[in-house]
Number of protein chains: 2
Amino acid sequence: MKLINQLSKETGIPIGTIRFYEKTGLFTGEKKEEVKTNNYVYYGDDVVEKLRFIQMAKAVGFTLAEIKEVVDAWYKKQISKKAKIQVLDKKLLQIEEKIKELKSVKKQIAICKFNIENENIENADETIISGGRPFDLPPY
Amino acid sequence: MKLINQLSKETGIPIGTIRFYEKTGLFTGEKKEEVKTNNYVYYGDDVVEKLRFIQMAKAVGFTLAEIKEVVDAWYKKQISKKAKIQVLDKKLLQIEEKIKELKSVKKQIAICKFNIENENIENADETIISGGRPFDLPPY
DNA sequence: GTGAACTATGCAGTATACTTCATACTTGTT
DNA sequence: AACAAGTATGAAGTATACTGCATAGTTCAC
């Protein structure tokens, strides 16, 4: 069992943010009954996994509320199996959508790069170029 | 050339948000010189493309500041070719990273779904289940 | 046993991305 | 002409996700 500082070191997430996530209900630590002198909170390895999941899900544009839906579907009792599967299926669809959007963004940036690389070839790489679109490619 | 209302209808982005994006410097419309009675702003088809790009880039977790970097690399004069390519290459790397993260999140959700589907098989689909992890699969 | 480092709690403040509101002028319809 | 609907501008308000600060108690190294 880890204290919050170790959790922070293992994930790279600031302590304040971890506390914020816990307050948001994304996970919970536990106070040790045998320790009476303080009220330090201990976290299991599952919390590290959750934090990594949160990091990635956030990086691809999911909100904490959306992430919480998934976490609840996984951990919460009192949610029917049917409801849980529904939530997860919805997320899987959203992920497919995001993958499509990512590919589209990637393609547009690649085209953009191609255009820049092929305009004003006579100028050196530090030259200030004048913009414009030399080829009949779509914008972006 | 379109007015802001048409732009909104074509993209599904609220007028207020479009104005906000323009104020942020993501694109600009143009006032028509020949029209003297008002100061309506007109937008070209490129703005529609930009708005769609912004929508997608936002959906996969890019901030407006990051999106602006790309837009500036594409449209701004006074940025060297080298600097533009640098920005775009950085974005392409970020996108690869996001694709990896998306796949990881997808996998974890799929495992989560599998676990839920295979626990308490004897119960009907409306049953309140008690949680727990019946198989030795990693959390998420 | 003293000081540095760690922990808990609560509340205020910040950044980002909108969203609403108020005001005022313009355009299109009847 | 009247009135709904559209447009511009600026400022204030909101939601999300932190971030920092102040306070206070705890643990650890020396």
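Side chains are part of it too, since the values below use all heavy atoms of this structure and drop only hydrogens, waters and symmetry mates.
Distance B/F62 CZ to C/dA17 C1': 17 Å, rounded to the nearest Å. Separating the CD1 atom of A/I18 from the P atom of C/dA8 is a distance of 11 Å, rounded to the nearest angstrom. A straight line from CD of A/E66 to P of D/dT16 spans 11 Å, rounded to a whole angstrom. Across the protein-nucleic acid pair, A/Q55 atom CD and D/dA17 atom P stand 15 Å apart, rounded to whole Å. Regarding A/E30, its CD atom lies at a distance of 13 Å from the P atom of C/dA8, rounded to whole Å. Atom NZ in A/K2 sits about 13 Å away from atom P in C/dT7, given to the nearest Å. Rounded to whole angstrom, the span from the CD1 atom of A/I4 across to the P atom of C/dA5 amounts to 19 Å. In this structure, CD1 of B/I15 is placed 15 Å from C1' of C/dC21, rounded to the nearest angstrom.
Of the residues B/T17, B/D46, B/L26, B/L7, the one that meets the side chain to side chain contact (heavy atoms under 4.5 Å, CB included) test with B/L51 is B/L7.
Considering all non-hydrogen atoms of both residues, B/E66 and B/T63 come closest at OE1-N, 2.8 Å. Residues B/I79 and B/A83 approach most closely at CG2-CB, 3.9 Å, considering heavy atoms. Heavy atoms only, all atoms of each residue included: B/W74 and B/K84 are closest at O-NZ, 4.2 Å. Across all non-hydrogen atoms, the minimal contact from A/I67 to A/F53 is CG2-CE2, 4.2 Å.
Figure legend: B/K50 and B/Y75 shown as a cation-pi pair, the cationic atom lying under 6.0 angstrom from the six-membered ring centre and within 45 degrees of its axis.
For the salt bridge (charged side-chain N to carboxylate O under 4.0 Å, His left out) condition, the pairs that include at least one residue of residues 92-101 of chain A, sequence neighbours left out, are A/E96-B/K106. Among pairs with a residue in residues 8-22 of chain A, those fulfilling salt bridge (charged side-chain N to carboxylate O under 4.0 Å, His left out) read A/K2-A/E10, at least two apart in sequence or across chains.
Linking ILVMFWY residues whenever their side-chain heavy atoms come closer than 4.5 Å, directly or via other members, leaves A/L3 and A/I15 in distinct clusters.
When heavy atoms are screened at a 4.0 angstrom cut-off, A/T24 is found touching no nucleic acid atom at all.
Phosphate contact (OP1/OP2 of D/dA17, side-chain N/O of A/Y21, threshold under 4.0 Å): absent. Contact annotation: A/T17 side-chain N/O to D/dA17 OP1/OP2 distance is not under 4.0 Å. Phosphate proximity of D/dT9 to B/R19: absent, as no side-chain N or O sits under 4.0 Å from OP1 or OP2. In terms of phosphate contacts, A/K58 brings no side-chain nitrogen or oxygen within less than 4.0 Å of OP1 or OP2 of D/dT16.
Within residues 5-13 of chain B, the residues that have a heavy atom under 4.0 Å from DNA chain D are, in order of number, B/N5. Near-neighbour residues of DNA chain C inside residues 36-43 of chain A, defined by a heavy atom below 4.0 Å, number-ordered: A/N39, A/Y40, A/V41.
Comparing B/P14 and A/K23, the nucleotide of DNA chain C nearest to each residue sits closer to the 5' end for A/K23. Nearest-nucleotide positions on DNA chain C for B/I54 and B/V35 put B/I54 closer to the 5' end.
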Give every pair of a protein N or O atom and an N or O atom of nucleotides 20-22 of chain D that lie under 3.5 Å apart, one pair per line with the distance.
none

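Using a 4.0 Å cut-off between a side-chain N of Lys or Arg and a carboxylate O of Asp or Glu, B/K81 and A/E119 do not qualify as a salt bridge.
Minimum atom distance to the side chain of B/F20 is reached by C/dC18, of the listed C/dT7, D/dC18, C/dC18.
Annotation: side-chain contact (heavy atoms from CB on, under 4.5 Å) contacts of B/N39 (sequence neighbours excluded): B/K31.
Around CD of A/E34, the count of heavy atoms belonging to other residues, nucleotides or ligands within 6.0 Å exceeds 12.
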